[in-house]
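Working notes, structure below.
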Amino acid sequence: MKAVAEHSLLLSTRQLRVFTSRSWYLVATLAQPLIWMVFLSGLLSGVARLPGFPAASYPQFLTPGMAAVGAMFGSAWAGLTMLMDLERGVLDRLLMSPVRRVAIITGNLIPQALIAVVQTLVLLAAALLLGVRYPGGPVGLTVMTAAVVLLALTVAALSNTLALRVRSREVQITVIQLLIFPFAFLSTAFMPEGLMASWLPTALNPVSWVVDASRTALSAQPDWPAVWLRLGLLTAVCTVSVLTAVNAFRSYQRSV
Amino acid sequence: MAGEPRTVAPARAAPAAHPAAIEVRSLVKTYPRGVRALDGISFSAARGEITAVLGPNGAGKSTLIKAMATLTGFDAGSIGVDGVDVRTRPAEVRRRIGVVSQSYSSDPSATGYDNLRLQARIYGLRGDRLRARLHELLDWMDLGSAAGRLVRTYSGGMRRRLELAMGLVHEPAVLVLDEPTAAVDPVAAEGLWSLVTELCRDRRMSVLLTTHQLDEADRLASWVVILNQGAVVVQGSPQDLKEELSGDVVAVRLTDPATARQVEAAMKRLAQVRNVAWTGAELRADIQGDARALGSVLEVLTAHSVTGPVSVSRPSLNDIYFRHAGGHR
Ligand SMILES: Nc1ncnc2c1ncn2[C@@H]1O[C@H](COP(=O)(O)OP(=O)(O)OP(=O)(O)O)[C@@H](O)[C@H]1O
Ligand SMILES: [Mg+2]
């Protein structure tokens, strides 16, 4: 256990270097959800006037959704880092060393989680300027950050699994592009459930779990059972995703 | 090239108290799409010595190394590294083996120092011991002044030396080198080999290497294993292998394909010619017997009006290699 933690830390430090050595990359990563936030708020401002809209303003409604979608968009590309290591032989070297398999995955995931946290905090601060308020206070903000981190870890782990199985950048990019938009728009991130066609499977979407848990936790009267249920689901999905990613090394090692 | 693998000298049995550096038994490996890369290989590499694995492209050398380094699994057989079974105790094998792969495995976007440092930290080195070890290795590999540069700015030879340093960081009992001199100039190769020989001698490190440079194997290795199409075709000490070819080798360049075919056929009909092999356009015939045997070979050449230069020499490891690992036109 100690070795796993130590190795995860070593490998995540290595990946975070990309951000510290290229500050424009960091700025672009953090700015992306802010840009979306501003233009979606303009684009969909009328939605807030529709009967049955559950929030005072569209930005107020959008903030948790933007945090979730931003984390998904960012961490979906985590597999490309794994692919790069694979192509450069770095992964083979790690697999021949005493590093535990799970540490290779967590070493790739931890940076994604950290980026998701910073991205969320920047977004929350920026949203204040748009008049968004957080009646749920620090507890609500913590719940939201935790949910976002679980989503980032899940998505990054699935992206790693895909990378280890397909081992091709082209396929990886195509599949990720194909998946992230449906998951973003078929969730409660941008539209309240009541305003969408009822056949859309939004409730099965982990992005919705993050958004719904965050919205209620940030409200003045949180529905705690609903929060716990979604955090529990997110934890379960996250665990399964990480284990699947670790298991993908097996299929990779059969083919090297 | 089917049939039983032959051992020219009696296979050396290691006493139980000192297991061989590497013990490979009936190893079979098939890749997912059905390529049988290793087809029942057995050999053992002695402790504190250099063992060379030779074979043409695609013979299975790299696959063998990946299997012993725990990177890739195998279907049947067993491998012991420093007395530890690869299948049942892979984690322990990883601590005892140092691997320098055929292709690069350092991170080009990090500095040489950072690459080496990460590798050392993975094996648990830290603090003063870590610094001392990195210093020693960088010094050894003559990379001290380049350590702070990104690896992508290194020359091929520098990069190879860094890879070697990374393989040595944890002072492995067994060092495995997959074609380490492939992209290295002759002077640097010489330096690399004197270092490896020194490690073998002074630190009792065991080394297994693959190479296409037959003279390297001849000079450095105490045991040579020749692979072809996933099987061991012959193994033995370089001396034993050369003694096996007791006669002379006649080499002649034949550029005209028609003459080449006729000469080859005529040579094969001679009782004194044991084997005919091609190195490009050069025909090499192993001949057995005294001067009369040589005479009849020369008669064949005269009969086909071959006028090019002809040489007669003692067999080299090359001849053993071409004889066993193909080279037939
Ligand atoms: N990852 C892989 N997937 C499928 N087949 C492979 C893979 N790697 C190697 N092979 C096949 O296995 C056989 C042995 O390859 P290997 O790389 O071990 O040869 P080698 O002796 O190292 O050759 P070289 O001298 O060219 O390095 C070849 O037929 C090769 O095509
Ligand atoms: Mg090879």
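A, B, ... follow the sequence lines: proteins, then strands. Residue 1 opens every chain.
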Proximity breakdown for [X] and chain A, heavy-atom pairs closer than 4.5 Å:
X: B:Arg126; result: side chain
X: B:Gln102; result: neither
X: B:Thr63; result: neither
X: B:Ala69; result: both

Would you mind reporting whether [Y] and [X] have side-chain heavy atoms less than 4.5 Å apart?
X: B:Ser105; Y: A:Val90; answer: no
X: A:Arg88; Y: B:Pro108; answer: yes
X: A:Leu9; Y: B:Arg121; answer: no
X: B:Arg33; Y: A:Ser255; answer: no
X: A:Thr13; Y: B:Leu118; answer: no

To the closest 0.5 Å, what do you measure between [atom1] ([X]) and [atom2] ([Y])?
X: B:Leu71; Y: A:Asp92; atom1: CG; atom2: CG; result: 4.5 Å
X: A:Glu87; Y: B:Ser103; atom1: CD; atom2: OG; result: 12.5 Å
X: B:Thr72; Y: A:Arg254; atom1: OG1; atom2: CZ; result: 9.5 Å

Which atoms of A:Leu94 approach chain B - backbone, side chain, both or neither, heavy atom under 4.5 Å
side chain
Against chain B, label A:Arg17 side chain, backbone, both or neither, depending on which of its atoms sit under 4.5 Å from a heavy atom there.
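Side chain of A:Arg17 only, per the 4.5 Å heavy-atom cut-off to chain B.
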Considering residues, nucleotides and ligands other than [X], do more than 12 of their heavy atoms fall under 6.0 Å from its [atom1]?
X: B:Tyr31; atom1: OH; result: yes
X: A:Tyr252; atom1: OH; result: yes
X: B:Arg25; atom1: CZ; result: yes
X: B:Arg129; atom1: CZ; result: no
X: B:Asp75; atom1: CG; result: yes
X: A:Arg167; atom1: CZ; result: yes

Option that, when pairs with chain A are counted at under 4.5 Å, heavy atom only, ranks first among B:Asp107, B:Thr70, B:Asn115:
B:Asp107
What residue, out of B:Met166, B:Lys29, B:Arg95, B:Glu92, has the most heavy-atom pairs lying under 4.5 Å from chain A?
B:Met166
A:Met96 and B:Ser101 have their tightest heavy-atom pair at CE-OG, 3.8 Å
Run the numbers on A:Gln253 and B:Lys66 for side-chain contact (heavy atoms from CB on, under 4.5 Å), then give the verdict.
CA-CA 10 Å; A:Gln253 283 186 281; B:Lys66 286 176 196 165; over 6 Å; no
